[in-house]
Protein chains: 2
Amino acid sequence: MENNKITIHDIARILKIDSSTVSRALNDSDRVTQKTKDKILAKAQELGYQRNHLASNLRKSKTYTLGVIVPRISRHLFSSAIAGVEETAYKMGYNVIICQSLEQLERERNIVGTLLANRVDGVLLSVSMETINYDHLQGLKQRNIPFVFFDRHCNISDNSNVLIDDYQAGFDATEHLIGQGCKHIVHFSGPQNLEIYKNRLKGYLSALQIYDIEFRKDLIIESRLMEIDGVENAKLLLELPYKIDGIFSANDIAAIGAMQYLKQQGIRIPEDIAVVGFSNEPISALIEPSLTTIDQPGFKIGKTATTLLISQIHEGATKMKSETIILKPNLIERKSSLRKFESGNY
Amino acid sequence: MENNKITIHDIARILKIDSSTVSRALNDSDRVTQKTKDKILAKAQELGYQRNHLASNLRKSKTYTLGVIVPRISRHLFSSAIAGVEETAYKMGYNVIICQSLEQLERERNIVGTLLANRVDGVLLSVSMETINYDHLQGLKQRNIPFVFFDRHCNISDNSNVLIDDYQAGFDATEHLIGQGCKHIVHFSGPQNLEIYKNRLKGYLSALQIYDIEFRKDLIIESRLMEIDGVENAKLLLELPYKIDGIFSANDIAAIGAMQYLKQQGIRIPEDIAVVGFSNEPISALIEPSLTTIDQPGFKIGKTATTLLISQIHEGATKMKSETIILKPNLIERKSSLRKFESGNY
DNA sequence: CTGTTAGCGCCTTCAT
DNA sequence: ATGAAGGCGCTAACAG
């Protein structure tokens, strides 16, 4: 059995029937007797037959492939999401092509082209920090290829999204700090073209308002939220004319950068300044308990988005109704940083 | 231009030539006049023609798809490697199917089946902790589908590998600790069916020998190296009849678990006990400088392995000569934990 | 150099 | 319930 080259015709010839019957049997059509079906399936098994998807897909002009675009695969949130995508996709008989935009719009545009060339049946995407509009997604619309935004989306006409409730999480984070007695809470915010950062900011503002804390514009520090930005933010923060006692960071990396710097300056955390940060990386769980995190359910996001996308693919080009699913992140205040690193689906 | 349905026949008809000429031109064959080539390319561009890979691949009976099997996508080492795989693969015109074994042999076996069914042109794999032999890879061998192990391999007959020099790294790590004045160095080792752990252990033993330090069997603690194992190891370590002053951990997660526990017990790091750990996760870079890490070049591993695999695919079933490439990891002693988190290709 | 012919392996009308 | 026939879109002989 050198090179598996068995086709439906081989089976047909051996069984002295037509290949179309074999094809039907293999597809479990109800227009074949159970008896012949059994016979065919048995022979197929015996010969080690494997359907040639290339041929099948060509005929059906479907690829059973999904495209996934993320800013960066190795970000924990995204690799977890991808894990969820893969799992769901395979269960439903789809393959997945994964691409990274590296936060560049130009690359994102090219990737869309590649995915079109590969005739994917649908696309999942989390846009880059540079992405403001979705002109580069027109090709998908034109060819009726459904796509679903996850985590980072574009706030535009009827698209499907699977998002985290950033507003609520921002509110909870701020409320948590207020509950700890913080009076002057700085917010490390991200690029405002991304909805997630807008919403986290909104949550922050709401909490201040409800708890009747005066809002000061200079307490909002916007950056791209890399670790070095956290350090810079921390420096800025120390020069403010208020005694800062809380930080709500829109991600954990910047939060950690800031914490490192502040500790070097002899500031105690959380005694002097309490910190809450969105958790993109598992690091947050391992750093000392002084960082309270908002954990994002990456795996679940991936699963949910994939399920939604595939359902849209199945609906077909009929009446692609857009849908937005919002998942809840969890505020986690650690008593101890010792938690099971391997647990769950991470 | 509703649904892009332009084929080479359309172009041929419009230009009043044969579709085979169009095909040749599109494939940049040297058996077409430059003039007609230009004409065809221009028209193709104008009509927005895109080659149908399904048809092309069916005809050539190649999928231009690689399978990648890793224990877990969201592990930083693997997601970095995958990033490298993707980049290289796309450049060479290949797609990538990514699968997770979740450290289970059974899943690994199934995945191989799936990849075979998908007719991948080659496979990259990093075996699960449960994988002892490679019976489940027979299918690949039989059908002459080349595969390359990366990072975690099976030490068996002529296969291709892209590995890290674990022996040397283990030696360096131990030497580093000895250089710090450590006399009693514990080694947290991993499952011995994996070569990587065997080799790290060998490096440890060699360094002890060369520096004339007595080897004690009870200083080697074997586990699956999860965080909780690190804690357990730390407990064991404190009960040893020697004053332990150094730990060489075969991964960072266990190292961190141990460090957390030891610090709770009032032990100072690195003053009382110095720790060196292999770095699978970026966390190691952010945890305080007390953990010296051995950084593994995941991205480069991915790139290298892919290049090797594709070259084997191109060589064809002729004389698939196996090759092993060994990359050097870096021992990184941090002065400050503040390093650029976003840098490089992570 | 270009055209003709013949499939790759499968699925799907259309007959019977 | 099964068979016959054609074609998805492309490529690779083989001619000329």
Side-chain angles (χ1 to χ4, degrees), chain A residues 3-41 43-44 47-65 93 116-121 143 316, chain B residues 2-41 43-44 47-65 93 95 116-121 143 316:
Chain A
N3 219 330
N4 200 323
K5 280 288 173 198
I6 289 137
T7 74
I8 50 173
H9 296 102
D10 297 323
I11 300 179
R13 195 170 1 85
I14 294 173
L15 260 35
K16 293 189 168 62
I17 52 177
D18 193 88
S19 58
S20 57
T21 306
V22 177
S23 173
R24 279 190 276 256
L26 259 20
N27 286 298
D28 203 25
S29 159
D30 50 359
R31 304 194 316 163
V32 184
T33 322
Q34 189 59 46
K35 223 173 69 184
T36 48
K37 234 185 229 180
D38 292 341
K39 210 168 51 183
I40 290 168
L41 258 36
K43 185 56 78 179
L47 299 175
Y49 168 81
Q50 286 198 198
R51 165 193 270 117
N52 185 328
H53 288 99
L54 284 173
S56 170
N57 293 346
L58 170 60
R59 183 59 233 265
K60 297 197 285 195
S61 70
K62 269 206 70 171
T63 54
Y64 289 95
T65 298
L116 282 173
N118 276 288
R119 302 278 207 282
V120 295
D121 292 339
R143 298 186 202 178
Chain B
E2 252 290 282
N3 219 329
N4 201 324
K5 280 286 173 199
I6 290 138
T7 74
I8 50 172
H9 296 104
D10 298 322
I11 299 178
R13 193 167 5 82
I14 294 173
L15 259 36
K16 294 187 170 49
I17 51 177
D18 194 87
S19 59
S20 59
T21 304
V22 177
S23 173
R24 280 190 276 256
L26 260 20
N27 286 297
D28 203 27
S29 159
D30 49 359
R31 302 195 314 164
V32 184
T33 323
Q34 190 60 44
K35 222 173 69 184
T36 49
K37 233 186 232 181
D38 292 342
K39 211 168 51 183
I40 291 168
L41 258 37
K43 184 58 76 182
L47 299 175
Y49 167 81
Q50 286 198 200
R51 162 195 271 119
N52 185 328
H53 287 99
L54 284 174
S56 170
N57 293 347
L58 170 60
R59 185 59 232 264
K60 298 197 284 195
S61 70
K62 270 206 68 171
T63 54
Y64 291 95
T65 298
N95 285 321
L116 282 174
N118 276 288
R119 302 278 209 283
V120 294
D121 293 338
R143 298 186 203 179

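Chain identifiers are assigned alphabetically (A, B, ...) following the order of the sequence lines, protein sequences preceding nucleic acid strands; residue numbering begins at 1 within each chain. Worth saying up front: this structure is predicted, and the values here are computed from it rather than measured.
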message: Suppose we screen for salt bridge (Lys or Arg N to Asp or Glu O under 4.0 Å). Which residues come up paired with Lys39(B), at least two apart in sequence or across chains?
response: none
Leu58(B) CG to Leu54(B) CG distance, which is reported to the nearest 0.5 Å: 8.5 Å
- prompt: Do Asp18(A) and Ser20(A) have side-chain N/O donor and acceptor atoms under 3.5 Å apart?
  reply: yes
message: What's the separation between atom OG in Ser29(B) and atom NZ in Lys37(B), rounded to the nearest 0.5 Å?
response: 6.5 Å
Between the protein and nucleotides 6-9 of chain D, which nitrogen or oxygen pairs are less than 3.5 angstrom apart?
| unit_1 | atom_1 | unit_2 | atom_2 | d |
| --- | --- | --- | --- | --- |
| dG6(D) | N2 | Arg59(A) | NH1 | 2.9 |
| dG9(D) | N2 | Ala55(B) | O | 3.4 |

- prompt: Among residues 17-24 of chain B, which residues get a heavy atom nearer than 4.0 Å to DNA chain D?
  reply: Ser20(B), Ser23(B), Arg24(B)
query: Roughly how many Å is it from NZ in Lys39(B) to P in dC1(C), rounded to a whole number?
result: 14 Å
- line: In whole angstroms, the gap separating P of dT2(D) from CG of Asp30(A) amounts to 12 Å
query: Closer than 4.0 Å, any side-chain N/O of Thr36(B) to the OP1 or OP2 of dT2(C)?
result: yes
message: Base, sugar-phosphate or nothing for Asn57(B)? Non-hydrogen atoms, less than 4.0 Å.
response: nothing
- prompt: What's the CZ-P distance between Arg31(A) and dC14(C), to the nearest Å?
  reply: 11 Å
field: Distance, rounded to the nearest Å, where Lys35(A) contributes NZ and dA1(D) contributes P
entry: 13 Å
- prompt: Over how many whole Å does the gap from Asp38(B) atom CG to dC1(C) atom P extend?
  reply: 13 Å
message: Working note: Thr63(A) + Asp121(A), criterion side chain to side chain donor-acceptor pair (under 3.5 Å); need CA distance, chi angles, decisive distance, verdict.
response: CA-CA 6 Å; Thr63(A) 54; Asp121(A) 292 339; 3.2 Å; yes
- request: To the nearest 0.5 Å, tell me how far Asn95(B) CG sits from Asn57(B) CG.
  value: 9.0 Å
- prompt: Is any NZ, NE, NH1 or NH2 atom of the basic residue among Arg24(B) and Asp30(B) found under 4.0 Å from an Asp or Glu carboxylate oxygen of the other?
  reply: no
message: Check this for me: does any side-chain nitrogen of one of Asp38(A) and Lys35(A) sit under 4.0 Å from a carboxylate oxygen of the other?
response: no
field: Distance, nearest 0.5 Å, that separates CD1 of Ile17(B) from NZ of Lys43(B)
entry: 11.0 Å
- request: Could you check how far NZ of Lys62(A) sits from C1' of dC10(C), rounded to whole Å?
  value: 16 Å
field: Atom-pair distance (CD1 on Ile11(A); C1' on dG9(C)), nearest Å
entry: 12 Å
